[in-house]
Amino acid sequence: MEDKNSLSDTITFLGTGGARFMIISQLLASGGLWLNLSGTEILVDPGPGCIVQSTKRKLKADKLSAIIISHRHLDHSADVNIMVEAMTQGGFKRHGWLFTPADALGSEPIIFSYLKNYLEGVEVLQEGKSYQVGNISFTTPVRHIHRVETYGMVFKTEKHTFSYITDTRYFDALCKHYGGELLILNVVFLNPRPPSDHPLTPTDHLSVPDAEHIIRQLKPKVAILTHFGMTIWRAKPWQIAQSLSQQTGVRVLAARDGMRFDLSQLDNS
Ligand SMILES: [Zn+2]
């Protein structure tokens with residue numbers, strides 16, 4: 001059983017909600033992505049409720065090798081402190097790494113300083129760099145257009161390559177950098193919104209037409225939409241995924257809270 005585990009690559013969607021109103025209502029859960037890649041467990045973007053969603057699903061934080069934060073917004077980082085505490089067994093076992101953009105460690109850091117001491121180390125994410133966690137490597141190819149310093153990731157396991165496009169406004173380089181058999185996309189808006197500088201009018205997110213364009217360009221075997229805001233949720237993400245599949249010829253799925261995607265599905269398609 002141990003053997004079988006170490007061979008498979010799975011992604012568990014702890015939550016699929018994104019942006020303020022979805023998060024404060026918890027209509028959809030939040031909490032990030034739990035990766036189990038050839039036995040190496042990595043938590044990405046532990047938003048609010050991560051500790052609840054992960055323990056409920058019997059995922060063991062002390063098995064994590066790393067926590068990766070794509071950016072400092074609350075819906076991606078709110079539970080980082082408690083998850084570091086859980087990863088290190090309350091600080092009794094110094095263990096694991098935190099990867100985060102520099103601005104999440106600056107004047108208003110996302111992590112308490114006493115918790116930093118529980119970690120093996122903190123690594124700062126930078127554009128175009130590669131990182132290693134156990135037998136897994138990942139890159140942060142390009143800085144996103146978002147209000148704070150933000151990076152998506154391309155993960156390489158022994159068997160698979162997949163990309164995670166976290167929050168960003170659309171820009172053409174997204175279609176160059178995020179290859180692989182699987183593409184996970186944070187799609188907050190149903191329709192594109194015009195740029196705005198008002199702090200309470202966030203516009204730096206992908207919309208459904210942006211997702212369609214990116215999927216057409218990158219042509220992964222499977223694309224999974226997640227991080228839904230209110231407009232896309234009301235329009236039923238699973239129906240949107242179905243029409244995107246028809247339009248692009250790529251199998252597009254809408255993530256569900258708690259969904260576990262096994263990357264072996266990619267092997268014979
Ligand atoms: Zn954000």
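We count ligands from 1, going down the list as the structure has it; atoms in each ligand are counted the same way. All heavy atoms count here, side chains included; hydrogens, waters and symmetry mates do not.
Looking at His73, its N, O or S atom nearest to the Zn ion (ligand 1) turns out to be ND1.
His71 and His73 have their aromatic ring centers within a separation under 6.0 angstrom. Separation of the Phe261 and Phe13 ring centroids does not fall under the 6.0 Å cut-off.
The Zn ion (ligand 1) lies under 2.8 Å from an N, O or S atom belonging to His71. When distances to the Zn ion (ligand 1) are checked against a cut-off of 2.8 Å, His146 contributes an N, O or S atom below that limit. Distances from the Zn ion (ligand 1) show that Asp167 has an N/O/S atom below 2.8 Å.
A parallel orientation is assigned to the rings of Tyr114 and Phe112, their planes being inclined by less than 30° (bins at 30° and 60°).
Cation-pi check for Arg256 over Trp238 is met; the charged atom lies under 6.0 angstrom from the ring centroid and within 45 degrees of its normal.
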